[in-house]
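Read the structure below first, then the notes.
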Amino acid sequence: MIDPKLLDDESLKTTLAKRNEKYAKMAEELSLINNRWKLLKAEIDNLRHEQKSRSTMMRTLKGDEAASLRDELKKLSDTIKEKSSLLLVIENEKMEMALHIPNIPYADTPDGGEENNREVGKWGSIPEIENPLPHWELGEHLGILDFDRASKMSGSRFSILKGAGAKLERALINFMLDEHTSSGYTEMSPPLLVKRDTMVGTGQLPHLEEDAYKTSGDDPYFLIPTAEVVLVNSRRDEILENSELPVKYVAATTCFRSEAGSYGRDVRGLIRQHQFWKVELVKITAPEESENELIELKNNAEGILKKLELPFRTVMLAKGDMGFAAARTFDLEVWLPSENTYREISSCSNCTDFQARRTKIRYRPNTGDKPQLCHTLNGSGIAVGRTLLAILENFQTPDKNVVIPPVLRPYLGGKAMITPEGLK
RNA sequence: GGAGGAGUGGCCGAGCGGUUUAAGGCGGCGGUCUUGAAAACCGUUGAGCGAAAGCUCCGGGGGUUCGAAUCCCUCCUCCUCCGCCA
């Protein structure tokens, strides 16, 4: 949620328009609604004041006097009720509008859409592989990936990892968690099913309703699309001690996404699944620290790719390509030989106070100070399924085996190679 | 799934229709005393909206009433017992 106090700021509207024209209009409307709300609120406050001060007199009055005052106060009370219900309508309208406006991007993020994303870093050398196999062919050849049997049970966009494939996934999760906990992140194992307000808190709802899975019934559970949802919301409605900042969490969880609107895209292989493992990093920081913390978080994510010896590049997203809650985002894109291009494997964002305002996560800069909103950051550290497929493709050998990156070998009983016969 | 009990400020806890403008304690902060500290004593001590006056907030929502922390309905959360269960 954006700061309602900034609603009349022209530069805010200009920046929002760079995401999409419609958001500037929404901000304009919200500002009008907000002013209507303030006026009515003040009016009701005054009426209530009158009601309070006069109703204390009721205690001492008797007989006719009491009866006539009661009649008067009854009218006052009815007026207040009437106006309050109108205020409630406006308030809901205001909330509904506010929840649909995205965060304000930092001014130094590139203008435009995806095509204007700015490359800010590049690492590793692209492997020279003759006729690289796509990971699904390689995986099926090695007997570690099975899409057919998965779709028999669950339909498209599901997979079974088998034997060395399943072990490799587990090794990756453990490796990433070990790396991040040694960088000072606290490991968490959170719920994967959450209530609606939790999804609203981090900004997945209401605008991405159709991409979320939920259980049936009047009070459904939502399946988390990312651990960011739970890691951030876990501190909802809290006032943190300054000494506790920055809060740094890491969790490996399954993530669930319906991928509505991406029909026909990445239908083959592990790239876009309805269910996937992701190691997620979340930070809660003081406002003035968030930009530096974002760089560090991005470096933590990059560290995983470097240790795994996977070539990648880093891009700063343009305003039109950023997620709803983000004010700045770095995407890490790993090299995929079969596609001869870089593909997203991590997205690291500074959400500034956008999620903190929705979730009321605050801190006290010094003892006695007023609480202030924190900044929240999140980033994949990193997507496990995509890492697995990147390893298969980048480390494939001419005889269709896969070399295991050295850093993972301790997690795989010291084995160095995946072959059709298993780990060797 | 069945039967009970409970949710009040940072924490504990009183209040059960109108001096609650939420007692009291603990903790925190400031002070007196002290070489310093402890103890003792005194003072102070939440959040949101608003330019201010003021208004709102006793788990959430709704209702009764001139007036609700207090009465009623409903939902949520936690606890205890029984049943079932990885």
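In this text the structure is predicted, and so the values were computed from the model without any measurement. Proteins come first, then strands; the chains are lettered A, B, ... in the order of their sequence lines, and each starts at number 1. Just so you know, these numbers use all the heavy atoms, side chains as well, and skip hydrogens, waters and symmetry mates.
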Carefully, step by step, assess Arg343(A) and Glu333(A) under the rule salt bridge (Lys or Arg N to Asp or Glu O under 4.0 Å). CA-CA 5 Å; Arg343(A) 291 298 302 263; Glu333(A) 300 179 338; over 6 Å; no

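- Under the rule for a side-chain hydrogen bond (donor to acceptor under 3.5 Å, both in side chains), the partners of Glu238(A) that lie at least two apart in sequence or sit in another chain are Arg235(A).
- Applying the 4.0 Å criterion to OP1 and OP2 of C55(B), one finds that His49(A) has a side-chain N or O inside that range.
- Spacing between atom CG of Asp237(A) and atom C1' of G10(B) amounts to 15 Å, rounded to whole angstrom units.
- For Phe312(A), the ring-ring contact (aromatic ring centres under 6.0 Å, His included) test picks out Trp123(A), with sequence neighbours left out.
- Distances shown here put a side-chain N or O of Lys52(A) below 4.0 Å from the OP1 or OP2 atom of U56(B).
- Of the P atoms belonging to A23(B) and A69(B), the separation is 15 Å, rounded to the nearest Å.
- One P atom belongs to C79(B), the other to C73(B), and the distance between them is 25 Å to the nearest Å.
- For Arg364(A) and A47(B), the shortest distance from a side-chain N or O to OP1 or OP2 is below 4.0 Å.
- Here the C1' atom of nucleotide C49(B) and the CG atom of Leu87(A) are 11 Å apart, to the nearest Å.
- Applying the ring-ring contact (aromatic ring centres under 6.0 Å, His included) criterion to Phe158(A), with sequence neighbours excluded, gives His274(A).
- Here A51(B) presents its C1' atom at 10 Å from NZ of Lys38(A), a figure rounded to the nearest Å.
- Residue Ile361(A) contributes atom CD1, which lies 16 Å from atom C1' of A47(B) at whole-angstrom precision.
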Given the rule in the salt bridge (Lys or Arg N to Asp or Glu O under 4.0 Å) test, do Glu72(A) and Arg54(A) qualify, once you have shown the distances and angles that lead to the verdict? CA-CA 10 Å; Glu72(A) 266 182 67; Arg54(A) 295 181 67 189; 2.5 Å; yes

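- Each salt bridge (charged side-chain N to carboxylate O under 4.0 Å, His left out) pair with one or both residues in residues 316-332 of chain A, not counting sequence neighbours, appears once here: Asp108(A)-Arg328(A), Asp111(A)-Lys319(A), Glu291(A)-Arg328(A).
- Rounded to a whole angstrom, the distance from the C1' atom of C71(B) to that of C16(B) is 9 Å.
- One C1' atom belongs to A3(B), the other to G83(B), and the distance between them is 11 Å to the nearest Å.
- Each of Glu50(A) and Ile239(A) has a nearest nucleotide on RNA chain B; the 5'-most of these lies closest to Ile239(A).
- Taken residue by residue, residues 191-201 of chain A places heavy atoms nearer than 4.0 Å to RNA chain B at Lys195(A).
- What you find for Ala227(A) and Ala251(A) is that their closest heavy atoms are CB-CB, 4.3 Å.
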Check: protein-nucleotides 61-67 of chain B nitrogen or oxygen pairs below 3.5 Å:
from: G67(B); atom 1: OP1; to: Ser77(A); atom 2: OG; distance (Å): 2.7

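- Separating the P atom of A22(B) from that of G54(B) is a span of 15 Å, rounded to the nearest Å.
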Could you provide the dot-bracket string of RNA chain B, using ( ) for intrastrand pairs, [ ] for crossing pairs and | for bases paired to another strand, with Watson-Crick or G-U pairs below 3.5 Å? ((((((((.[[[..)..(.....]]]((((((.......))))))((((....)))).[[[[[..)....]]]]])))))))....

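- With rounding to whole Å, Leu76(A) atom CG is found 14 Å from C55(B) atom C1'.
- Among the candidates Met26(A), Met322(A), Arg19(A), the single residue satisfying the side-chain contact (heavy atoms from CB on, under 4.5 Å) test with Pro102(A) is Arg19(A).
- Judged as a ring-ring contact (aromatic ring centres under 6.0 Å, His included), and not counting sequence neighbours, the contacts of Tyr185(A) are His180(A).
- For the pair Leu40(A) CG and G54(B) P, the interatomic distance rounds to 21 Å; values are reported in whole Å.
- If you take CD of Glu244(A) and P of G10(B), they are 16 Å apart, rounded to a whole angstrom.
- Here ring-ring contact (aromatic ring centres under 6.0 Å, His included) pairs that include residues 224-258 of chain A, with residues two or more places apart or in two chains, number zero.
- Comparing the P positions of A53(B) and A40(B) gives a spacing of 38 Å, expressed to the nearest Å.
- Side-chain to base pairing of Asn46(A) with G54(B): no donor and acceptor N or O lie closer than 3.5 Å to each other.
- One interatomic measurement links the two molecules: NZ of Lys83(A) to P of U56(B), which rounds to 17 Å at whole-angstrom precision.
- Between U34(B) and A39(B), the distance separating the two C1' atoms is 11 Å to the nearest Å.
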Could you go through residues 189-201 of chain A and list every donor-acceptor pair under 3.5 Å that involves a side-chain atom there, pairing it with any protein atom two or more places apart or in another chain?
from: Arg196(A); atom 1: NH2; to: Glu209(A); atom 2: OE1; distance (Å): 2.6
from: Arg196(A); atom 1: NH2; to: Glu209(A); atom 2: OE2; distance (Å): 3.2
from: Thr198(A); atom 1: OG1; to: Arg236(A); atom 2: NH1; distance (Å): 3.3

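- In this view, Asn242(A) satisfies the side-chain hydrogen bond (donor to acceptor under 3.5 Å, both in side chains) rule with no residue, not counting sequence neighbours.
- Look at the C1' atom in both C82(B) and C72(B): the space between them is 30 Å, to the nearest Å.
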For residues 164-179 of chain A, run the donor-acceptor check on the side chains, cut-off 3.5 Å, and write out each pair with its distance to 0.1 Å, sequence neighbours left out.
from: Asn174(A); atom 1: ND2; to: Arg170(A); atom 2: O; distance (Å): 3.4
from: Asp178(A); atom 1: OD2; to: Tyr411(A); atom 2: OH; distance (Å): 2.7
from: Glu179(A); atom 1: OE1; to: Lys307(A); atom 2: NZ; distance (Å): 3.1
from: Glu179(A); atom 1: OE2; to: Lys307(A); atom 2: NZ; distance (Å): 3.4

